[in-house]
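Computed from heavy atoms alone, side chains included, the values below leave out hydrogens, waters and symmetry copies.
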Amino acid sequence: MSPTPLPPVPYHASALRPSWQALPAALRTAVADRLGAPVVTARVAGAGFTRGFAAVLDTADGGRAFVKAAPAAEQPHLVEWYAREAAILDRLPADLPAPRPRWTLHEAGWFVLCTDAVDGHTPRLPWVPAELDAALDGYAQVAAALADAPAGLTALGLPHLADLARSDILWWEEVAAGREPSPPLPEPVRGRLPELVALEARLPGYAAEAAGLIHGDLRVDNVLIDADGRAWFCDWTWVCHGPPWFDLAGLLLTAYAGGLDADRLFAAHPATAGAPPDALDATLAALAGYYLTGAAATPPTASPHLPAHQRWSGEQSLDWLARRQGWQ
């Protein structure tokens with residue numbers, strides 16, 4: 001195996017979303033009324049893997065906002081996700097590099113979440129050093145702020161990564177038991193299923209010891225770099241109790257694929273302070289199982305580019321793990 005620097009579909013062009021004009025007229029009118037002026041331009045977000053509406057809206061009075069929307073009948077899971085994100089954003093520490101929420105709206109059978117717009121771009125791959133530094137520095141701020149879970153967030157009854165791991169993310173165990181189809185494994189990893197099961201099984205115990213909160217879905221497409229070079233973190237739906245090094249490993253998958261010394265970057269980051277020596281290996285095993293089994297069961301409501309993204313991400317996780325384990 002060898003890392004592949006770029007994913008098959010660029011992260012900034014992975015989404016398939018409706019246009020502003022495709023939304024119901026009553027919904028567009030209601031959104032404009034809440035914004036206080038007619039919408040004159042709508043820049044649909046190219047990043048992400050859902051089919052929900054997401055765009056930066058510019059209004060006739062010079063205003064700007066970011067709006068997500070989904071129809072309750074056709075995409076009830078997205079409505080649930082957006083409502084959860086709205087509650088989380090409202091309770092995040094105010095100084096975090098995250099979009100601030102403005103309002104939510106139910107109209108014409110749709111749910112709408114409006115936040116401040118972040119004028120930025122998805123980080124370029126392979127990573128530009130300054131943008132990677134900004135993302136790592138920004139996540140250090142996030143991890144520090146959430147190390148002691150804010151009371152307002154814990155009041156939401158957020159899940160624990162350890163509980164999710166026990167019920168949903170022991171994917172290699174499911175494969176070994178025949179309850180999930182075995183994904184094709186590259187030569188160095190073929191025959192290593194017992195090792196993958198064992199490594200993945202360590203994650204719940206490690207995660208159970210974490211006192212703080214994590215983003216839970218930290219990938220390059222959930223990062224924006226603004227004009228000042230600062231990193232902002234988006235899509236906060238999956239915040240959960242867990243160790244910050246789990247987020248960090250997910251973010252660094254693309255750094256590893258781009259040929260950077262991801263082991264060094266992981267070890268040097270403040271989020272790994274006190275992490276078990278094999279925390280990264282357990283996380284990579286779990287991420288590989290999650291991505292590779294998920295690629296075979298993509299829901300029809302997701303972007304058609306999701307399976308390719310999941311396969312690529314799973315392969316990078318396995319490649320990184322195989323190098324660390326000396327399987328090559």
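Rounded to the nearest 0.5 Å, atoms OG1 (T237) and OH (Y82) are 8.0 Å apart. Summarising the geometry, atom CG belonging to L248 is positioned 8.0 Å from atom CG belonging to L218; distances are rounded to the nearest 0.5 Å. The CD atom of Q141 lies 10.0 Å from the CG atom of L146; values are rounded to the nearest 0.5 Å. Atoms SG and CG, on C240 and L158 in that order, are 8.0 Å from each other to the nearest 0.5 Å. One distance of note links NE2 of H269 with CG of D137; it measures 7.0 Å at 0.5 Å rounding. To the nearest 0.5 Å, atom CG of residue L196 and atom CG of residue L170 are 12.5 Å apart.
The shortest non-hydrogen separation linking C114 to A65 is SG-CB, 3.7 Å. What you find for A134 and G229 is that their closest heavy atoms are CB-O, 3.1 Å. Contact between A231 and P97 at its shortest, heavy atoms only, is O-CB, 3.4 Å. Smallest separation of non-hydrogen atoms from L6 and W312: O-NE1, 3.3 Å. In terms of heavy-atom proximity, T283 sits nearest to A249 at CG2-CB, 3.6 Å. The shortest non-hydrogen separation linking T122 to V220 is CG2-O, 3.8 Å.
With a 6.0 Å cutoff to the six-membered ring centre and a 45° limit on the axis angle, R230 counts as a cation-pi contact of W232.
Aromatic ring centres of W110 and H106 lie farther apart than the 6.0 Å criterion allows. If you look at H309 and F49, their ring centroids are closer than 6.0 Å. Aromatic ring centres of H215 and Y139 lie farther apart than the 6.0 Å criterion allows.
Cluster membership for V197 and L185, using ILVMFWY side-chain heavy atoms within less than 4.5 angstrom, is shared. Using a 4.5 Å cut-off between side-chain heavy atoms of Ile, Leu, Val, Met, Phe, Trp and Tyr, with links allowed through other members, L23 and F66 fall into different hydrophobic clusters. Both L213 and L96 are assigned to one and the same hydrophobic cluster, defined by single-linkage of ILVMFWY side chains at heavy-atom distances under 4.5 Å. Put simply, V56 and V223 are part of two different groups of oily side chains (I, L, V, M, F, W, Y) that touch within less than 4.5 Å, one to the next. Taking hydrophobic clusters as Ile, Leu, Val, Met, Phe, Trp and Tyr residues chained together by side-chain heavy-atom distances below 4.5 Å, L105 shares a cluster with W20.
A distance-only check finds a donor-acceptor pair linking the side chain of T272 to the backbone of A267 [under 3.5 Å]. A donor-acceptor pair is defined here as one N or O able to donate and one able to accept, closer than 3.5 Å; no such pair exists between the side chain of E180 and the backbone of T293. R34 places no side-chain N or O within 3.5 Å of a backbone atom of A30 that could act as its donor or acceptor partner. Of the possible polar contacts, one joining the S19 side chain to the A22 backbone as a donor-acceptor pair under 3.5 Å is found. Judged by distance alone, with hydrogens and angles left aside, the side-chain atoms of E85 form a donor-acceptor pair with the main-chain N or O of W236 at under 3.5 Å. Looking only at distances, a side-chain donor or acceptor of S14 sits under 3.5 Å from a matching main-chain atom of Y11.
Atom CG of D95 has more than 12 neighbouring heavy atoms from other residues, nucleotides or ligands inside a 6.0 Å radius.
A salt bridge does not link D90 to R102: none of the charged nitrogens lies less than 4.0 Å from a carboxylate oxygen. The residues E80 and R84 are annotated as salt-bridged, a charged nitrogen and a carboxylate oxygen being separated by less than 4.0 angstrom.
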### Query
Can you list the steps and then say if Q325 with D281 is a side-chain contact (heavy atoms from CB on, under 4.5 Å)?
CA-CA 8 Å; Q325 292 292 313; D281 302 284; 3.1 Å; yes
### Query
Would V67 and T115 count as a side-chain contact (heavy atoms from CB on, under 4.5 Å) if you check the C-alpha gap in whole Å, the side-chain angles of each, and the deciding distance to 0.1 Å?
CA-CA 6 Å; V67 165; T115 71; over 6 Å; no
### Message
Does R192 form a side-chain contact (heavy atoms from CB on, under 4.5 Å) with R190? I'd like the steps, not just the answer.
### Response
CA-CA 5 Å; R192 299 286 183 178; R190 216 163 289 162; over 6 Å; no
### Query
Can you check side-chain contact (heavy atoms from CB on, under 4.5 Å) on R202 and L199, steps first, answer last?
CA-CA 6 Å; R202 298 175 192 175; L199 283 170; 3.7 Å; yes
### Message
Using salt bridge (charged side-chain N to carboxylate O under 4.0 Å, His left out), reason through D235 and R219 one step at a time and then give a plain yes or no.
### Response
CA-CA 10 Å; D235 292 345; R219 305 186 309 262; 5.8 Å; no
### Task
Go through the steps for W127 and T254 under the test side-chain hydrogen bond (donor to acceptor under 3.5 Å, both in side chains), then give the verdict.
CA-CA 8 Å; W127 277 94; T254 45; 2.9 Å; yes
### Query
Step by step, would you call R28 with D33 a salt bridge (charged side-chain N to carboxylate O under 4.0 Å, His left out)?
CA-CA 9 Å; R28 286 184 277 124; D33 287 346; over 6 Å; no
#### Entry: Verdict with reasoning, D278 to Y206, per side-chain hydrogen bond (donor to acceptor under 3.5 Å, both in side chains)
CA-CA 10 Å; D278 57 355; Y206 292 158; 2.6 Å; yes
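The shortest distance between side-chain heavy atoms of P194 and W172 does not fall below 4.5 Å. Inter-residue side-chain proximity for E195 and V189 is flagged as unmet; no heavy-atom pair is nearer than 4.5 Å. With contacts defined as side-chain heavy-atom distances shorter than 4.5 Å, the pair H241/P159 does not qualify. Side-chain contact between L35 and W103 is present, with at least one heavy-atom pair separated by less than 4.5 Å. S317 is listed as a side-chain neighbour of L253, based on a closest heavy-atom distance under 4.5 Å. A heavy-atom distance below 4.5 Å is found between the side chains of E131 and R124. The side-chain heavy atoms of V142 and F233, taken from C-beta on, include a pair separated by under 4.5 Å. Between L251 and N222, the closest side-chain pair of non-hydrogen atoms is not below 4.5 Å.
Between Y256 and W320, the angle of the ring planes stays under 30°, which puts this pair in the parallel group of the 30/60° scheme.
Sorted by first then second residue, the salt bridge (Lys or Arg N to Asp or Glu O under 4.0 Å) pairs that include residues 43-55, not counting sequence neighbours, are R43-D58.
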